[in-house]
**Student:** 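I am attaching a structure below and will ask some questions about it afterwards.
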Amino acid sequence: MKRILTGDRPTGRLHLGHYVGSLKNRVRLQDEYECFFIIADLHTLTTKPEKTKELKDNIYQMVLDYLSIGIDPKKSTVYIQSQIPEVAELALIFGNLTTVPRLERMPTLKDVMRDADIQVPSYGLLGYPVLQAADILMVKANLVPVGKDQVSHVEVTREVARDFNRIYRSTSEESKPTSEVSSQVLPIPEVLVGEIPTLPGTDGAVKMSKSAGNVINLSDSPEEVEKKVMGMYTDPTRIHPTDPGHVEGNPVFTYLDAFGADSDKQQITKYQELYRQGQVGDIEVKKYLVKVLNNFLDPIRENRARYERDPELVERILKEGTAKTRTEAQKTLLEVKAAMKLDYFV
Ligand code: TRP
């Protein structure tokens, strides 16, 4: 079975943007792929080395987010990055297969430095994509479902894997170049981005993100959802409900499209027409969106409440997932070192 590896940094609650960008794909692909979901706590050190006290609680909440949206621990593996020491060794090896300017040019580096108010990147922050490559290649993932912002990191992973395979191709394989595929120690992973690669924020910003404070979390209560939606940015050119309105680029309509159930489609189309003609007010459409979002979130809330009542189960899922992943990591590391001829005197 082909494999998936993807995951998140445990910096806070997961939100609707994560859902459409990546989580939805993960849930959908669980039967088709053997899935590994990483809680990338080591990656949080790259911007917030002092915030380690919050990690434990954030990790717990993130597992609840995963389980409540339908990540099924019977099918998929959830694990904690920092409990797999092999990843650090792999990252150290891979750090020699990419260059400093390559990492300095990462578009994410600039963004992260701006958001975290960092003037000079640390060695760790510069190496962020290298650690991510180690995560992905450690389980020999074939597919990486991520949000659009992570695509450039998977590209680095592909380059590292290609370079590794080329440099450390075994000599016996070298003489028979036709067997190129079988000589690969590391598979080259594909990236998969969700149907809605970036969900706008409630404030109309192009992207929903925690740092911008414009998110609706998967764990928000019905009341929080209502409050956030009723305060949402809509069409700035529209002063009165009788003005013709814009549907395109209006986040209220983007959310309706993204989260409306099939049974909502007809009503959504009707609201779009009325809105364009200036025959329905923002308040009415927003109230409808509150209903749509809460219908979407209600089953997620129920699942979350169920798992919240059983913290021991949640802990067991994490422990078993981490143990299973570590076995895979150890296996890959041995293969990697053997390919490098670093397996002397063992
Ligand atoms: N960098 C990812 C993010 O911030 C999290 C992550 C760490 C990840 N390792 C990964 C994602 C490996 C996919 C694969 O969202």
Side-chain angles (χ1 to χ4, degrees), residues 2-26 29 33-48 51 55 58-59 62-63 65-66 71 76-84 86-88 90-91 94 103 106-113 115-116 121 124-161 186-194 197-199 207-211 215 321-322 325 328-329 332:
K2 290 201 164 184
R3 285 186 172 173
I4 277 179
L5 183 130
T6 186
D8 306 273
R9 279 169 302 141
T11 52
R13 304 296 178 101
L14 295 175
H15 53 65
L16 296 180
H18 293 120
Y19 186 82
V20 293
S22 171
L23 300 173
K24 195 175 170 185
N25 273 332
R26 301 183 199 176
L29 294 169
Y33 288 81
E34 185 181 3
C35 294
F36 293 84
F37 299 121
I38 180 176
I39 301 184
D41 54 346
L42 293 176
H43 272 111
T44 69
L45 303 178
T46 61
T47 49
K48 297 191 165 67
K51 286 266 174 76
L55 288 174
N58 284 348
I59 288 170
M62 183 159 283
V63 185
D65 280 334
Y66 282 177
I71 284 179
S76 299
T77 304
V78 181
Y79 75 97
I80 299 178
Q81 184 186 33
S82 65
Q83 287 172 14
I84 317 270
E86 287 75 15
V87 76
L90 268 183
F94 293 159
L103 295 171
M106 298 301 293
T108 45
L109 180 64
K110 218 171 48 250
D111 295 346
V112 165
M113 287 174 61
D115 290 348
L125 181 58
L126 193 66
Y128 187 115
V130 178
L131 181 57
Q132 190 161 344
D135 296 331
I136 295 168
L137 300 175
M138 184 180 88
V139 302
K140 300 192 172 184
N142 307 97
L143 187 68
V144 187
V146 281
K148 195 172 147 222
D149 61 319
Q150 295 294 311
V151 172
S152 63
H153 293 173
V154 182
E155 190 47 48
V156 170
T157 304
R158 290 164 58 86
E159 290 170 16
V160 165
L186 301 172
I188 316 294
E190 302 289 332
V191 70
L192 176 70
V193 176
T198 27
L199 192 71
K207 192 178 156 200
M208 184 176 277
S209 76
K210 183 176 168 265
S211 56
V215 305
T322 303
T325 310
E328 293 305 318
T332 304

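Not measured: the values here are computed from a predicted model. Remember, it's 1-based here, ligands and their atoms both numbered in the order they're listed.
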**Student:** Quick one: which of H18, H153, Q81, Q150 has a heavy atom closest to atom 15 (O) of ligand 1?
**Tutor:** Q150

**Student:** L131 versus H43: any side-chain heavy-atom pair under 4.5 Å?
**Tutor:** yes

**Student:** For D8 and Y66, test the side chains for any donor-to-acceptor distance below 3.5 angstrom and give the result as yes or no.
**Tutor:** yes

**Student:** Can you pull out the closest protein heavy atom to atom 1 (N) of ligand 1? Residue, atom name and distance to 0.1 Å, please.
**Tutor:** Y128 OH, 2.6 Å

**Student:** Looking only at heavy atoms, which two atoms of L103 and G127 are closest? And how far apart?
**Tutor:**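 The answer is CD1-CA, 4.4 Å.
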
**Student:** Considering only the protein, which heavy-atom contact is closest to atom 4 (O) of ligand 1, and what is its distance?
**Tutor:** R9 NE, 2.9 Å

**Student:** List ligand 1 atoms under 4.0 Å from V146, heavy atoms only on the residue side.
**Tutor:** 13 (C)

**Student:** Give me the residue, atom name and distance of the protein heavy atom closest to atom 9 (N) of ligand 1.
**Tutor:** D135 OD2, 2.7 Å

**Student:** Heavy atoms, side chains only, cut-off 4.5 Å: are F37 and T77 in contact?
**Tutor:** no

**Student:** Counting only heavy atoms, which portion of D149 has something under 4.0 Å from ligand 1: side chain, backbone, both, or neither?
**Tutor:**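 Neither part.
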
**Student:** Of all the non-hydrogen atoms in the protein, which one sits nearest to atom 5 (C) of ligand 1, and at what distance?
**Tutor:** G7 O, 3.6 Å

**Student:** Could you tell me which non-hydrogen atom of R13 sits nearest to which non-hydrogen atom of H18, and how far apart they are?
**Tutor:**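 Answer, listing the atom of R13 first, then H18: O-CE1, 4.2 Å.
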
**Student:** Under 4.0 Å from a heavy atom of H43: give me the atoms of ligand 1 that qualify, with their elements.
**Tutor:**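 Listed by number with element: 7 (C), 9 (N).
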
**Student:** Compare every heavy atom of P189 with every heavy atom of V154, then report the nearest pair and how far apart it is.
**Tutor:**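 Nearest pair, atom of V154 first, then P189: CG1-O, 4.5 Å.
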
**Student:** Could you tell me, atom by atom, which parts of ligand 1 come under 4.0 Å of a heavy atom of A40?
**Tutor:** 7 (C)

**Student:** Identify, by atom number and element, the atoms of ligand 1 in contact range of I136, meaning under 4.0 Å from any of its heavy atoms.
**Tutor:** 12 (C), 14 (C)

**Student:** Please state whether the rings of Y79 and F36 are parallel, tilted or perpendicular, taking 30° and 60° as the class boundaries.
**Tutor:** perpendicular

**Student:** Among all protein heavy atoms, pick out the one at the shortest distance from atom 8 (C) of ligand 1; state its residue, atom name and that distance to 0.1 Å.
**Tutor:**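 Answer, as residue, atom name and distance: Q132 NE2, 3.5 Å.
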
**Student:** Which heavy atom in A141 sits nearest to a heavy atom in P187, and how many Å separate them?
**Tutor:** O-CG, 4.2 Å

